[in-house]
Amino acid sequence: MFNYLIRRLFTSILVLFGISMLVFSVIHLVPGDVTMAILGRQKVTEEKVAELREQLGLNDPLYVQYGRYLGNALRGDLGKSIRTNQSVSESIAEQLPSTFALAMSALVVALSIGAILGLLAALRHGTWVDTLVMGLSVSGLSIPTFWMGLLLILFFSVKLKLFPSISNGSSFADLFLPALTLGLPEAAVVARMVRASMLDVLNKEYIITARAKGLGERMVILKHAMRNALIPVVTFVGLQMAYLLGGATIVETMFARQGIGRLAVQSIFNRDYPMVQGVVLVTAAIYVLINTLTDITYGFLNPKIRLK
Amino acid sequence: MYQKSKYIIPLAILMIVSLLASCAPAETQAPAAEEAPSEATEAPASEATEAPTEEASGGVLTIGLPVEPETLDPGDAVYVQEQFILMNLFDSLLSISADGELHPGLASAWEPNADYSEFTFTLRQDVTFHDGTPFTAEAVKASFDHINSDAVLESGGKSLLQDHSYVETVVVDDYTVTVKFGASYPLFLRDAARQWLSISSPAALEASGADYGRNPVGTGPFKFVQWDAQSQIVLERNPDYNWGPEFAAHQGPALIEQVVFRILPEAATRLTAFETGEVLIASEPPALDAIALSESGAAAIQTFAQPGVPAILMINATKAPTDNVNIRKAMILAVNQEELAQTAFQELGLPATSVISPTTWGYDEGAANLYSYNPEEAARLLEEEGWVDADGDGIREKDGETLTIDWPDNPAWSEAFNELLIGYLTNVGFDVQYRSMDDGAAYEELLAGNYTLVYMYWTRPDPSPLRYLFHSENANGGGAWTNFVNEDLDTALADADTNTDEEARKQDYIVAQNIIMENALVLPMFTVNTSYLTAPSIQGFTFDLEGYPWLYDISISE
């Protein structure tokens, strides 16, 4: 187990290293000069461009620039926004809690609705309940987030005036619509996964054995079937958590919430390179971290994986 | 295979409850919902009913903004949204009413020297900054020196000071100050009345340093409270405010207690937030929806055609084929401004036919009436110059060259009208190459000279941007993108900037407008209108002379 942990952590660090290189070099690959973006608000003269290039260290060889970037990043210094002059780390820290609250509550929506529906469909396999749930889940998957969000806003905010259409807090009312918008498509996926894996498990011999031993149906389902059926869901949730943290941009924009996804998009539009680099790096790090944790958890759950 | 079990029913109930949790109570609660909408609207409504008097009626004014400011340092700010917020936080030495008249501001009297290069101000003695610092001559000096310093980007206020060779600000005594320039600057008094030269607390400038743009401290009717990036900027009433401009509708503190600027970049979100009452004023609403809302009585549309340079396309006069004046004229004649403004902005757009907009001081009717939509005449001019469509593909050619217009542009600025405009030009045989790119890349194309058209507008109460945009000293990359060189134009623009005789300056601008339009250096399109949706409860909404809403006099009824 210890070896597995070390191996897993080592690959994570390698991946992070690769990401940092990618993030760093992207700035140098995109068309257009970063100095132009910075000087966008002022009169541009050649001296000013030269001075700024010097100041930003753009005249140094790439590996020197990268070394400097990595060194600063490791110390938590991701530079300053070229638009607002704010520290990139602080700006990201300001946006993260909102994204985190949204992702968590969306996950709750996805898991509770998804698991219940999936379970129902599996237990009522082949009946109209199954068909209905699968139909709902196809719609849930196919309806684009922005459309779903609009409908929810129209119904709950404009018509019923129950929930705010713009929100930034982490209270139930603030999170209800954004979490539903973000969580419903995920719930559809979870429902399908739970159904499939439950059906699979229910046909396993140990379930027949359990039933043959005379265990009550509730015990069979909850203790034997559910536990095993949820293993693939756990992996999926881990991956989805990372996705929700980085991929909530549309929902954040729609409900005018603070968030790291919106920050990324805004920075790209603004050509705010240090901010783009910082957001991508942090998001990627979160992704890697969650993946690592998922893998490690999985390793605990399933000893076969450790041995590979 | 397996028997029906008991837990199915509780599970099913749980599911149904969770699915319908929202809908079922919604039906029953619908009537009650009206009484308790979102927090944002509840506060003003309840407080306003308690104190409906005009003085300090209170309430929270929520405003939906499409763009987040980058800074609230007056010397650094250039964007509309920034100016809009700044005018509530800060006062300037002078104030200027909507009719363009100068009035006292933080200075009660002012005196220029003979050639308008030095200005002496007598300051009010009863003013304090939001942080408690008393307002004195030192504050004026600290503010102007800050705007002129390296801490501030060369934009807005700084470019005004530097363009006129700012020398220094001399503190004569505690309440007398002289601002000195190295050249005549007759427009200074007007600029000194605007947000970009407003006065900051010297203590705050010192304490905040590079972060001042996030911690602004002025003397205005509202104090800065907080700024949550990508979410909101909160201001609260300055209870000590007793130095408002004499032309305001009331004196004393502002009527509303708090202003919350919500950052809502999505037009649809802004509109919805307005419909639900979460914002009481929505800036730049989508035209069609705004009109529908106002017709239903749920909102009033407030629009203002901004003075200065309207939305124009500057035409590169040194690059073929637009190095020929007749080709440029044909471009102007090919475009139906009336229809363009109407289609792109519905009732919220006005056509522009000159290089400055009709609400600008010094506007000349003559220059504005030189061209009117005439595609036949455009075609005739093109044929006269030898451009014909020989191969029948709709595009004119001459000597193997096609009649190509190169337009590198960021569609974020022009999406409302660019296709229409290209349509007009294509109709008479132009081949418009619209190259979509971001601002930085577009700017590089401009500097490299790879363009025929440059989209431009510039809000100012007077035609002074013309010098920056058309004087040949700024040609080839300095901002005069037409690259047109004409001695008479240069003379008029330079004189207009420095002549102390107002009538002579006006004459200079009339000459300049005529030269620019006669040489067809720009393709005018429409005036840039600011528009706001206001809820019926908003009372006393007015614009200042540049089209910024004047929040000081606004109150919330009901």
Side-chain angles (χ1 to χ4, degrees), chain A residues 31-34 36-37 40-44 48 83-86 91 94-95 98 112-113 116-117 119-120 123-124 129 150 153-166 168 173 176 180 202 211 216-218 220-222 252-259 262-263 266 269-271, chain B residues 2-3 5-8 11-12 14-15 18-19 22 26 29-30 33-34 36-40 64 68 70-71 76 78 153-156 158-159 210-211 213-214 228-232 262-266 268-269 272-273 275-279 412 437-441 443-444 447 477-479:
Chain A
D33 191 332
V34 61
M36 285 300 155
R41 287 168 75 108
Q42 28 189 334
K43 284 184 195 165
V44 181
K48 204 168 261 173
R83 283 302 188 128
T84 62
N85 210 25
Q86 294 279 96
S91 300
E94 187 183 358
Q95 304 293 325
S98 178
S112 52
I113 297 182
I116 293 169
L117 287 183
L119 209 57
L120 262 179
L123 298 177
R124 286 274 175 265
V129 179
L150 271 182
I153 289 175
L154 261 182
F155 187 68
F156 287 107
S157 302
V158 178
K159 273 253 171 330
L160 303 178
K161 298 197 189 301
L162 275 180
F163 297 101
S165 71
I166 51 173
N168 197 41
F176 184 80
L180 215 54
L202 283 175
R211 287 216 177 94
E217 190 63 18
R218 176 197 296 247
V220 173
I221 299 294
L222 289 181
E252 285 166 1
T253 309
M254 191 163 225
F255 292 93
R257 291 182 62 81
Q258 285 185 310
R262 229 178 119 198
L263 183 65
Q266 196 55 48
F269 280 138
N270 285 344
R271 285 190 148 209
Chain B
Y2 49 91
Q3 65 196 92
S5 49
K6 291 163 218 141
Y7 66 82
I8 282 270
L11 261 187
L14 190 65
M15 180 200 83
S18 71
L19 274 182
S22 35
Q29 282 175 16
E34 303 258 312
S38 65
E39 290 168 53
E68 177 161 28
E70 289 179 4
T71 175
D76 234 354
V78 283
L153 293 176
E154 201 168 309
S155 56
K158 187 174 180 180
S159 71
D211 278 338
R214 294 255 154 181
D228 302 324
Q230 302 202 87
S231 176
Q232 59 180 8
R262 291 293 323 253
I263 316 297
L264 306 173
E266 274 305 297
T269 308
T272 313
E275 286 183 79
T276 58
E278 287 163 89
V279 298
M437 55 187 77
D438 67 38
D439 288 332
Y443 199 73
E444 277 173 50
L447 289 182

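None of the values given here were measured: they were computed from a predicted structure. No hydrogens, no waters, no symmetry mates; every other heavy atom, side chains included, goes into these values. Residue numbers start from 1 in every chain, and the chains themselves are labelled A, B, ... in the order their sequence lines are given, proteins ahead of strands.
Taking both residues in full, the closest heavy atoms of A:E94 and B:D228 are given as OE2-CA, 3.5 Å, listed atom of the first, atom of the second, then distance. When all heavy atoms of A:A256 and B:R262 are compared, the closest pair comes out as O-NH2, 3.4 Å. Smallest separation of non-hydrogen atoms from A:S165 and B:A273: OG-CA, 3.6 Å.
To the nearest 0.5 Å, the span separating CZ on A:F163 from OG1 on B:T276 amounts to 13.5 Å. Residue A:Q95 holds its CD atom at 8.5 Å from OG of B:S231, rounded to the nearest 0.5 Å. A distance of 7.0 Å separates CD of B:Q232 from CG of A:N168, quoted to the nearest 0.5 Å.
Side-chain atoms of A:Q258 come within 3.5 Å of backbone atoms of B:A229 as a donor-acceptor pair (strictly under, hydrogens ignored). Remark: the backbone N or O of A:V158 is not paired with any side-chain donor or acceptor of B:E275 at under 3.5 angstrom.
Between chain B and the options A:I153, A:L154, A:I166, the largest number of non-hydrogen pairs under 4.5 Å is found for A:I166.
For B:T269, the side-chain hydrogen bond (donor to acceptor under 3.5 Å, both in side chains) criterion is met by no residue, not counting sequence neighbours.
At a cut-off of 3.5 Å, with distance as the only test, no side-chain donor of A:Q266 or B:Q230 sits close to an acceptor on the other residue.
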